[in-house]
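Worksheet: one structure, shown below.
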Amino acid sequence: MRCVLFGYGYWGKIVERYIQQSEEFELTGIIDPHYEPHAELNEVLDSRAVDCAFVCVPVRQHYQIVKRLLEHKIHVFCEKPLCTDVVEMKELFCLSEQNHTVLFTDYVYTVSPSLSCVRQHLKDFGRIQYIDMHIKQFGRFYQHDDVFDVIGVHMVSALVYLLGGTSLVDIQVLKTDIVAEGHNCLPAAGIVFFDACGIYGKIECSLLSDKKERKIKILCEHGLIVLDMMSDVSVRLISHTVNGESIQQADAGQYQFDESNNLAAVLKHFYHSIIAGDSSNRSIAEQTGSIMNQIKKCYRYIFEK
C-alpha cells in the first residue's frame with residue numbers, strides 16, 4: 001500500500017524505519033521542510049498517488065493536515081493524541097466516516113502483549129478495587145505539549161483498553177494535581193485521579209524522573225496484577241487467600257513479553273483496519289480523547305485560580 005510520511009523529527013524517523021521494514025506499506029515520499037528531497041502536500045493530494053498517510057507532526061498541526069487528507073479520501077495513521085480539542089476530533093471522525101476512510105490513532109499500548117495478558121487474567125481475580133498507574137521518564141520536552149500529551153495519554157489509552165476495549169466505559173477525571181511545571185510553563189509532572197464506574201485509581205506522569213517507568217498495579221478482590229514493561233518479568237500475578245483472620249499471598253504466574261516491536265504490530269493493525277474497514281481503534285481514540293479533555297479542563301482550572 002503506497003504511503004507518505006508527514007514529519008521527519010524524532011518520532012517520524014522511527015516510524016519511517018518501521019514503514020520501510022513492513023511488508024504492507026511502500027513509502028513514496030516524506031513531507032518535511034528539513035528533509036531533502038521532500039514532497040509537497042499539494043502535489044501528493046493532486047496526484048492521488050498514495051493510499052494512506054502517516055502523520056508525525058506536532059499535535060497542534062494534526063487537525064489541519066488530517067482534515068485535508070481525509071477530504072481527499074486518503075487513509076490516515078496519526079500520532080497520539082489525535083487532537084487536543086474534542087470537537088475537532090469528532091469532526092475528523094465524521095469526515096472519515098463520510099469518505100469511507102480509516103482514521104487510525106497510534107495508541108501503541110493497546111497492542112502490548114503484556115497489557116493483553118493482564119486483560120485476559122482480570123476475570124480470574126474478581127472485582128477490581130483500585131488501579132495504580134505510573135509512566136515516567138526524563139524528557140522529551142515540546143514547546144506546546146504537556147506531560148499528559150507526551151506520555152500520560154499512553155496510560156489513558158491503556159486504561160480504556162483494559163476496562164472496555166472497544167465498548168464504552170464511563171471514566172471520570174476526579175482531580176488533576178500538577179506536581180511540576182516545565183520550561184514551557186505547562187505541566188511536566190502530574191497526577192490524575194479517576195473513577196471508572198466505581199473503580200478508583202490514579203495515573204502518575206513525569207518527564208522529570210531519574211528513571212524510565214511503565215508500571216500498572218491492579219488490586220483485585222482476590223489478588224494483585226502487576227505489569228512492569230521495564231522489568232525482566234513484565235506481568236506478575238499474585239493471588240490473595242483468606243486464611244482465618246489473615247490474608248496470604250502466593251505467586252499465581254509470571255510472564256515475560258517482548259515489548260520492543262509494538263510499533264510493527266500497530267502498523268499491521270492499521271493495514272488490516274483499512275482492508276477490513278475495522279473501526280475498533282476509533283472507539284479507543286474517542287474515549288481517550290474525551291478523558292484527555294477532562295484532564296486539561298482540570299489543570300486549566302488550577303492554573304486560572
Side-chain angles (χ1 to χ4, degrees), residues 109-137 147-148 151-180 189-206 208-260 262 284 287-288 291 294-295 298:
Y109 281 31
T110 62
V111 299
S112 159
S114 300
L115 204 64
S116 177
C117 176
V118 169
R119 192 164 84 158
Q120 290 172 17
H121 284 283
L122 277 176
K123 63 182 183 299
D124 303 330
F125 286 80
R127 181 174 58 87
I128 298 174
Q129 296 180 325
Y130 193 79
I131 301 177
D132 189 18
M133 313 178 83
H134 297 253
I135 183 162
K136 301 176 181 180
Q137 64 189 45
V147 65
F148 307 113
I151 57 174
V153 66
H154 282 306
M155 282 301 177
V156 173
S157 65
L159 180 65
V160 171
Y161 173 79
L162 280 173
L163 297 184
T166 58
S167 59
L168 293 176
V169 178
D170 183 19
I171 300 175
Q172 297 297 319
V173 175
L174 303 177
K175 185 174 69 166
T176 303
D177 284 347
I178 306 305
V179 176
I191 307 172
V192 176
F193 298 87
F194 62 84
D195 173 9
C197 298
I199 300 171
Y200 294 93
K202 66 177 170 57
I203 305 173
E204 292 191 29
C205 316
S206 178
L208 303 172
S209 176
D210 61 330
K211 63 180 180 179
K212 189 172 183 178
E213 188 173 355
R214 303 288 189 271
K215 184 179 289 187
I216 300 173
K217 293 182 180 180
I218 306 175
L219 179 61
C220 301
E221 186 179 8
H222 303 304
L224 179 67
I225 301 176
V226 180
L227 179 151
D228 188 347
M229 292 185 180
M230 311 308 297
S231 172
D232 291 337
V233 178
S234 54
V235 177
R236 288 190 297 132
L237 309 177
I238 303 166
S239 65
H240 292 168
T241 305
V242 178
N243 185 6
E245 297 182 354
S246 66
I247 298 178
Q248 295 180 339
Q249 70 176 14
D251 183 358
Q254 296 187 0
Y255 301 90
Q256 175 59 39
F257 297 97
D258 180 8
E259 297 285 345
S260 62
N262 290 346
I284 291 177
Q287 291 182 74
T288 299
I291 297 166
Q294 293 182 58
I295 293 171
C298 283

*Give, for atom CD1 of Ile191 and atom SG of Cys205, the distance between the pair rounded to the nearest 0.5 Å.*
9.0 Å
_Restricting to non-hydrogen atoms, name the atom on Asp258 and the atom on Asn262 that form the minimum distance, rounded to 0.1 Å._
O-OD1, 4.2 Å
*Would you check, one step at a time, whether the test side-chain contact (heavy atoms from CB on, under 4.5 Å) holds for Glu213 with His134?*
CA-CA 7 Å; Glu213 188 173 355; His134 297 253; 3.7 Å; yes
*With side chains defined as the heavy atoms from C-beta onward, is the minimum distance between Thr288 and Val153 less than 4.5 Å?*
yes
*Report yes or no: do Ser206 and Gln137 form a side-chain donor-acceptor pair below 3.5 Å?*
no
*Value rounded to 0.5 Å, distance of CG in Leu163 from CD1 in Ile218*: 7.5 Å
*asked:* Using every non-hydrogen atom in the two residues, find where Thr176 and Cys298 come nearest and quote the distance to one decimal.
replied: OG1-CB, 3.2 Å
*Given the side-chain rings of Tyr109 and His154, with only the six-membered ring counted for Trp, is the space between their centroids under 6.0 Å?*
yes
_Tell me if a side-chain donor or acceptor on Ser112 pairs with a main-chain N or O of Leu115 at a distance below 3.5 Å._
yes
_Contact summary for Cys117 and Val235, nearest pair of heavy atoms_ = SG-CG1, 4.1 Å
*Could you walk me through whether Val156 and Phe194 pass the side-chain contact (heavy atoms from CB on, under 4.5 Å) test, one step at a time?*
CA-CA 10 Å; Val156 173; Phe194 62 84; over 6 Å; no
_Test side chain to side chain donor-acceptor pair (under 3.5 Å) applied to Ser114 and Glu259, step by step_ = CA-CA 8 Å; Ser114 300; Glu259 297 285 345; 2.4 Å; yes
*For the residue pair Val233 and Asp228, establish whether any side-chain heavy-atom pair is separated by less than 4.5 Å.*
no
*Give the intermediate values and the outcome of side-chain contact (heavy atoms from CB on, under 4.5 Å) for residues Met133 and Lys215.*
CA-CA 6 Å; Met133 313 178 83; Lys215 184 179 289 187; over 6 Å; no
*Ignoring hydrogens and angles, state whether a donor on the side chain of Thr241 or Asn243 is under 3.5 Å from an acceptor on the partner side chain.*
no
*Answer yes or no on whether Lys202 is positioned over the face of Phe193, meaning its NZ or CZ is under 6.0 Å from the six-membered ring centre and within 45° of the axis.*
no
*Say you draw a straight line from CD of Gln172 to CG of Asp195; how long is it, rounded to the nearest 0.5 Å?*
7.5 Å
*Start with the C-alpha distance between Ile291 and Val160, add both sets of side-chain angles, then the distance that settles side-chain contact (heavy atoms from CB on, under 4.5 Å), and finish with yes or no.*
CA-CA 9 Å; Ile291 297 166; Val160 171; 3.7 Å; yes
*Identify the heavy atoms of Ala189 and Val147 that sit nearest to each other, and give their distance.*
N-CG1, 3.9 Å
*Can you check whether Ile199 reaches Tyr130 side chain to side chain, under 4.5 Å on heavy atoms?*
no
*Checking Glu221 side chain against Gly126 main chain: does a donor-acceptor pair fall under 3.5 Å?*
no
*Give a yes or no answer on whether the side chain of Gln294 reaches the backbone of Ile171 with a donor-acceptor pair at less than 3.5 Å.*
yes
*Which pair of heavy atoms, one from Phe125 and one from Cys220, lies closest together, and at what distance?*
O-CB, 3.2 Å
_From CD1 (Ile131) to CE (Met155), nearest 0.5 Å_ = 11.5 Å
*Does Arg119 reach the main-chain N or O of Tyr161 with its side chain, forming a donor-acceptor pair under 3.5 Å?*
yes
_Show the nearest heavy-atom pair for residues Leu208 and Ala180, with the distance to one decimal._
CD1-CB, 3.8 Å
_Arg236 to Tyr255, cation-pi by 6.0 Å centre distance and 45° axis angle_ = no
*Any chance you could measure Arg127, atom CZ, to His222, atom NE2, to the nearest 0.5 Å?*
9.5 Å
*Measure the CD1-NZ distance between Ile295 and Lys175 for me, rounded to the nearest 0.5 Å.*
14.0 Å
*Would you indicate whether the side-chain heavy atoms of Gln129 and Leu224 approach each other to under 4.5 Å?*
no
